[in-house]
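Taking it in order: structure first as structure tokens, then the write-up.
Bear in mind the structure is a predicted one, so any value in this text is a computation, not a measurement. Below, each value reflects all heavy atoms present in this structure, side chains not excepted, and no hydrogens, waters or symmetry copies. In what follows, chains are A, B, ... by sequence order, proteins preceding strands, each numbered from 1.
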There are 2 protein chains.
Amino acid sequence: MGNFLLGSYSVRLDKGGRIKIPEKFRIALEEDHGKELFITSLTDESVQVYPLSVWEELSGVSGEGALHLQPTVRKFMLRVNRKGSQVRIDSKGRILINQTLREKAKLEDEVEVIGLSNHLEIWNKNKLDGTLEERPLTNEDFEKIAELMPRGKPK
Amino acid sequence: MGNFLLGSYSVRLDKGGRIKIPEKFRIALEEDHGKELFITSLTDESVQVYPLSVWEELSGVSGEGALHLQPTVRKFMLRVNRKGSQVRIDSKGRILINQTLREKAKLEDEVEVIGLSNHLEIWNKNKLDGTLEERPLTNEDFEKIAELMPRGKPK
DNA sequence: AATTTCCCATTTTGTCCCGTTTTGTCCCAT
DNA sequence: ATGGGACAAAACGGGACAAAATGGGAAATT
């Protein structure tokens, strides 16, 4: 809760398809949420890693009432759970990214781990940088952000 | 909170790509927010430096509910975190500007550090002055400013 | 005197590798 | 069909080494 996951690091997959979580991220994660994570893929483009407690809170909402019957919610939950699995940070600070996730997201050798406040995303480095170059933030994007994230001074 | 970052200073990058933060800025920053900063680039044109607490308040909003799944928010967060990193003002008042930020924003030798109330921006001096010349404020801009800015004063 | 610059030593972090364990798969005998 | 044995593949754990980040002393500059 207190710690934000910020910035990005480039790391290598080891022979077995594991990555070492960058120290800053690992410490922040373990302090706030422990060693249990949920790893999945929203689109095959990249891999998402959530602290288990954050994921439970997010996906738990879908259990309220009959929301889980809503078609888009069903579609979403079906996908993320089909692709996903629970993983634990090992004693050396590593996690395994299973084979299908690796293949779909084209993760091999060098990958980029990005902190996104409350979760991590893992990308093929070239694909990520290509995407960012091709689609830079536009004025319309900034307008939208200013609209969506306006709560500058709640307190 | 009490201190505003105002004006601009020209400073030199050291061999390792570090800058010494101008004393006035450094003191204002440390008094209000401590030594932790977040450095990133919204567009490759220049580099933004936020006090960590200011950045967390801004980006923390994206962690609320499922807002971080909104496409524009994802795009924004992905970019700023890919480019960004948390840095700490060291015992000598220095911060590191990493290589990719330096390259993209063409920062070398002498750069301009500008105070923008709650954050700093770092520019290549010539590019900055060129930009200001090429894109002066228009009447339409002033209209927009007059519309938008008064809302900032709820108290 | 105070600040900047240079540079080196220490510590921290990441990488590679190998041995062990677990899991999964295939095939055969009952 | 089904249980089990044997083999193969994937997962896991940890040691040793390499690379990089960090911090600060001391000379140089203002």
Side-chain angles (χ1 to χ4, degrees), chain A residues 3 5-31 34-41 47 49 52 82-115 120 122-125, chain B residues 9-30 34-40 49 52 82-103 107-113 122 125:
Chain A
N3 289 307
L5 304 164
L6 299 177
S8 71
Y9 298 86
S10 109
V11 305
R12 299 190 84 87
L13 288 169
D14 73 11
K15 214 165 165 180
R18 293 174 296 184
I19 59 164
K20 175 148 183 5
I21 298 178
E23 239 6 50
K24 274 207 178 132
F25 288 165
R26 189 186 61 78
I27 291 167
L29 286 171
E30 291 191 1
E31 275 183 3
K35 291 178 180 295
E36 297 294 335
L37 308 175
F38 183 71
I39 185 170
T40 189
S41 176
V47 169
V49 179
L52 187 60
R82 170 68 183 87
K83 300 282 181 175
S85 56
Q86 186 173 339
V87 297
R88 157 182 284 266
I89 301 171
D90 74 16
S91 65
K92 300 259 290 190
R94 293 170 302 193
I95 56 171
L96 175 70
I97 301 169
N98 74 50
Q99 221 167 356
T100 49
L101 289 179
R102 268 182 281 155
E103 281 168 11
K104 289 288 187 179
K106 304 252 190 323
L107 303 181
E108 40 186 278
D109 298 336
E110 209 166 341
V111 302
E112 203 68 20
V113 180
I114 297 125
L120 303 176
I122 305 174
W123 283 77
N124 171 306
K125 198 176 157 145
Chain B
Y9 299 86
S10 113
V11 305
R12 297 190 85 86
L13 289 167
D14 77 10
K15 204 168 165 182
R18 296 182 279 196
I19 59 164
K20 175 142 187 13
I21 299 176
E23 275 313 89
K24 269 200 182 152
F25 287 164
R26 189 185 61 79
I27 290 166
L29 286 171
E30 291 191 2
K35 291 178 179 296
E36 297 292 336
L37 308 175
F38 183 72
I39 184 169
T40 189
V49 179
L52 186 61
R82 171 66 185 93
K83 301 283 180 173
S85 56
Q86 186 174 337
V87 298
R88 156 184 284 265
I89 301 172
D90 72 17
S91 63
K92 294 236 168 86
R94 294 171 300 191
I95 56 171
L96 175 69
I97 301 171
N98 75 51
Q99 208 172 353
T100 49
L101 289 179
R102 271 181 277 149
E103 281 170 8
L107 304 181
E108 40 186 280
D109 298 336
E110 210 166 336
V111 302
E112 205 65 20
V113 179
I122 306 174
K125 196 171 157 58

Strictly under 4.0 angstrom, non-hydrogen atoms only: write out the protein contact profile of nucleotides 8-15 of chain D, one letter per nucleotide from the 5' end, B, S or -. --SSBBBB

Closest approach of [X] and [Y], non-hydrogen atoms and distance?
| X | Y | answer |
| --- | --- | --- |
| A:Gly34 | A:Ile89 | O-CD1, 4.5 Å |
| A:Glu31 | A:Asn3 | OE1-ND2, 2.7 Å |
| B:Lys92 | B:Lys20 | O-CE, 3.7 Å |

Salt bridge A:Glu108-A:Arg102, side-chain N to carboxylate O under 4.0 Å: no

Distance check needed: D:dT22 P versus A:Glu23 CD, whole Å only. 13 Å

To the nearest Å, how far apart are A:Tyr9 OH and D:dA21 P? 10 Å

For the residue pair A:Ile19 and A:Leu107, establish whether any side-chain heavy-atom pair is separated by less than 4.5 Å. no

Do the non-hydrogen side-chain atoms of B:Leu52 and A:Leu6 ever get within less than 4.5 Å of each other? yes

Looking at B:Gln99, I'd like to know if its CD atom is crowded, meaning that more than 12 non-hydrogen atoms belonging to other residues, nucleotides or ligands lie closer than 6.0 Å. no

Mark yes when over 12 heavy atoms from residues, nucleotides or ligands other than A:Lys35 sit less than 6.0 Å from its NZ; otherwise mark no. yes

Using chain B heavy atoms and a threshold of under 4.0 Å, write down where along DNA chain C the contacts begin and end, 5' to 3'. C:dT4 to C:dC7

For A:Lys15 and A:Lys24, take the nucleotide of DNA chain C holding the closest heavy atom to each; which residue's nucleotide lies nearer the 5' end? A:Lys24

Quick one: which of A:Leu37, A:Ile39, A:Thr100 gives a side chain to side chain contact (heavy atoms under 4.5 Å, CB included) with A:Ser85? A:Ile39

Give the angle between the helix axes at the two ends of the helix from C:dA1-D:dT30 to C:dT30-D:dA1, taking five base pairs at each end and rounding to 10°. 30°

Backbone of B:Arg82 reached by a side-chain donor or acceptor of A:Ser8 within 3.5 Å: yes

